[in-house]
2 protein chains.
Amino acid sequence: MAAHAAPVHVAVSTVIFALRPSPVDGRMTVWLPLVRRIRDPFVGMWALPGGPLEPDEDLAESAARTLAETTLLTPQYLEQLYAFGNTDRSPGERVVSIVYWALVRSDEADIAVESENVRWFEADSVPELAFDHSLIVEYALWRLRNKLEYSHIASAFLGDTFTLSELREVHEAVLQKPLDPANFRRQIEGSGQVVPTEQLRTGGRHRPARLYRYAATVETNGPLGRTEGAS
Amino acid sequence: MAAHAAPVHVAVSTVIFALRPSPVDGRMTVWLPLVRRIRDPFVGMWALPGGPLEPDEDLAESAARTLAETTLLTPQYLEQLYAFGNTDRSPGERVVSIVYWALVRSDEADIAVESENVRWFEADSVPELAFDHSLIVEYALWRLRNKLEYSHIASAFLGDTFTLSELREVHEAVLQKPLDPANFRRQIEGSGQVVPTEQLRTGGRHRPARLYRYAATVETNGPLGRTEGAS
DNA sequence: CCAAAAGTGTTTCTCATACACCCATGC
DNA sequence: GCATGGGTGTATGAGAAACACTTTTGG
């Protein structure tokens with residue numbers, strides 16, 4: 001209706017998850033990169049990577065762009081999390097943030113740069129964040145753990161082929177509890193989410209493990225179809 | 001960064017669901033109200049109720065407001081569906097739409113007004129809609145059917161107390177398939193979602209049925225907590 | 001009494017869990 | 001050989017589905 005400057009700004013932020021070994025016991029845990037704010041409000045505090053939505057880019061494009069800018073990575077999985085738009089969530093201005101969550105491969109995440117203003121944190125011990133970003137991270141973690149149990153996103157943390165042990169390790173890291181190897185195998189094989197290849201992975205001081213790869217992607221978001229990810 | 005007029009507009013739309021008897025066979029089916037567009041683009045076509053986000057209202061508030069404006073009802077259940085923001089979804093301007101979905105009580109929906117520019121449609125036979133609203137309705141229906149199976153939103157279609165037959169009728173209407181009364185009873189009673197009252201509903205030419213009411217609301221959206229609804 | 005829906009009991013099947021056990025490799 | 005993880009077999013129990021059966025009302 002009003003033709004003058006709209007007072008509502010649109011931003012896109014992304015919660016980026018990767019698995020990395022914990023510094024304490026070496027077991028794999030969930031990590032995410034945060035950026036330090038260099039402007040008010042909340043200058044100096046850690047926050048989710050993101051920025052204003054450009055007029056000529058789609059929402060998911062914007063999420064992938066800021067993801068690449070902060071980590072130099074491309075996501076294996078990218079899905080919209082939620083739109084946060086309460087009037088009081090940013091002091092002094094009205095910002096609606098469309099938040100995405102992404103999974104990146106663990107081997108690539110090792111290459112990801114850190115700097116004075118970009119640092120990876122263990123998901124269980126993120127500091128108090130700017131805006132409502134602490135709540136957002138908590139919600140994204142909840143979604144990740146939830147979706148892992150009825151979807152096949154775990155493979156997004158791994159390479160093209162992987163052993164069932166590696167896949168199980170992903171589940172254990174995300175869910176933070178040990179899983180029975182025998183039952184896990186049956187569950188996964190029975191679900192048809194992965195298919196065995198001809199190759200084996202040798203090198204451990206034990207019997208070689210068969211390598212698997214993703215089956216054709218299964219629709220999991222209904223009419224919205226497949227969410228973006230590696231082609 | 002730029003201080004001049006932001007070219008990205010924010011709107012809030014709502015998919016409103018109610019159950020009404022089908023005109024063909026009288027069985028309950030899912031319905032939703034649509035409004036006729038009185039402006040370009042897509043003038044004359046049917047679209048979801050909604051409008052621009054006001055600077056001083058929260059997202060859910062905006063959804064509830066447009067819901068009240070078009071149907072004169074208050075939602076029993078209101079939850080964010082998705083944010084749609086592709087660059088090409090509205091010709092000539094850039095609009096990001098935060099879409100909510102709502103459930104209203106069937107007895108109240110009967111009172112809801114219709115007019116030249118507001119009409120209720122059966123969910124299975126909505127016409128081609130303006131913008132990407134056809135896709136949005138399809139997705140909202142998918143979410144409704146999905147969520148019905150692991151949540152207790154069905155009671156939002158009913159009054160404060162209801163019989164298990166009425167609750168089953170809701171499930172059957174939404175899922176479009178008959179359910180075994182005996183097993184349905186056990187499932188619902190075992191879930192703890194409802195509690196029996198002392199009252200019975202008489203009047204049918206058969207044994208009176210016990211009335212139930214909602215149990216204390218269970219968290220189903222994780223850290224985001226309870227979604228808005230009747231207090 | 002009969003029709004119809006309320007409500008209970010029981011059988012069967014599927015699937016998750018727990019755990020015993022064999023297989024194949026490095027050292 | 002022996003330690004280690006890969007992989008198979010199997011008993012048990014919980015819960016879903018199918019369906020027979022009893023109960024209580026209106027007519």
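In what follows, every chain begins at residue 1, and chains take the letters A, B, ... in the order their sequences are listed. Hydrogens, waters and symmetry mates play no part in the numbers below; they use all other heavy atoms, side chains included.
With hydrogens and angles left out, the side chain of B:Arg205 and the base of D:dT25 share no donor-acceptor pair within 3.5 Å. One N or O donor and one acceptor, one from the side chain of A:Arg186 and one from the base of D:dG9, sit under 3.5 Å apart.
Residues in residues 196-205 of chain A take part in these side-chain hydrogen bond (donor to acceptor under 3.5 Å, both in side chains) pairs, two or more places apart or across chains: A:Glu166-A:Arg201.
Relative orientation of the B:Phe131 and B:His133 rings is tilted, given thresholds of 30° and 60° on the angle between their planes.
Computed from coordinates, the B:Leu167 CG to C:dA6 P distance equals 12 Å when rounded to whole Å. Residue B:Tyr150 contributes atom OH, which lies 17 Å from atom P of D:dA16 at whole-angstrom precision. We find that CD of B:Glu169 is positioned 11 Å from P of C:dA5, with the value rounded to whole Å. Atom CG of A:Leu179 is separated from atom P of C:dA18 by 10 Å (rounded to the nearest Å). With rounding to whole Å, A:Arg210 atom CZ is found 7 Å from D:dG7 atom P. Straight-line distance from the NE2 atom of B:His206 to the P atom of C:dA5: 6 Å, rounded to whole Å. Rounded to an integer number of Å, the gap from A:Glu166 CD to D:dG5 C1' is 13 Å. Between the P atom of D:dG7 and the CZ atom of A:Arg168 lies a distance of 11 Å, rounded to the nearest Å.
Ranked by how close their nearest DNA chain D nucleotide is to the 5' end, B:Arg207 and B:Asn183 are led by B:Asn183. Residues A:Thr202 and A:Asp180 each lie close to DNA chain C; by heavy-atom proximity, the contact nearer the 5' end of the strand is made by A:Asp180.
The side chain of B:Ala182 approaches C:dT8 more closely than any other nucleotide in the set C:dT25, C:dT8, D:dG9. Comparing C:dT8, C:dT17, D:dA17 by their closest approach to the side chain of B:Arg185 singles out C:dT8.
Expressed to the nearest 0.5 Å, how far CH2 of B:Trp101 lies from NZ of B:Lys147 amounts to 6.0 Å.
Here the closest non-hydrogen pair linking A:Met45 and A:Ala130 is CE-N, 4.0 Å.
Across all strands, A:Thr163 comes closer than 4.0 Å to no nucleic acid atom at all (heavy-atom distances).
Taking a cutoff of 4.0 Å between a charged side-chain nitrogen and a carboxylate oxygen, A:Glu69 and A:Arg65 qualify as a salt bridge.
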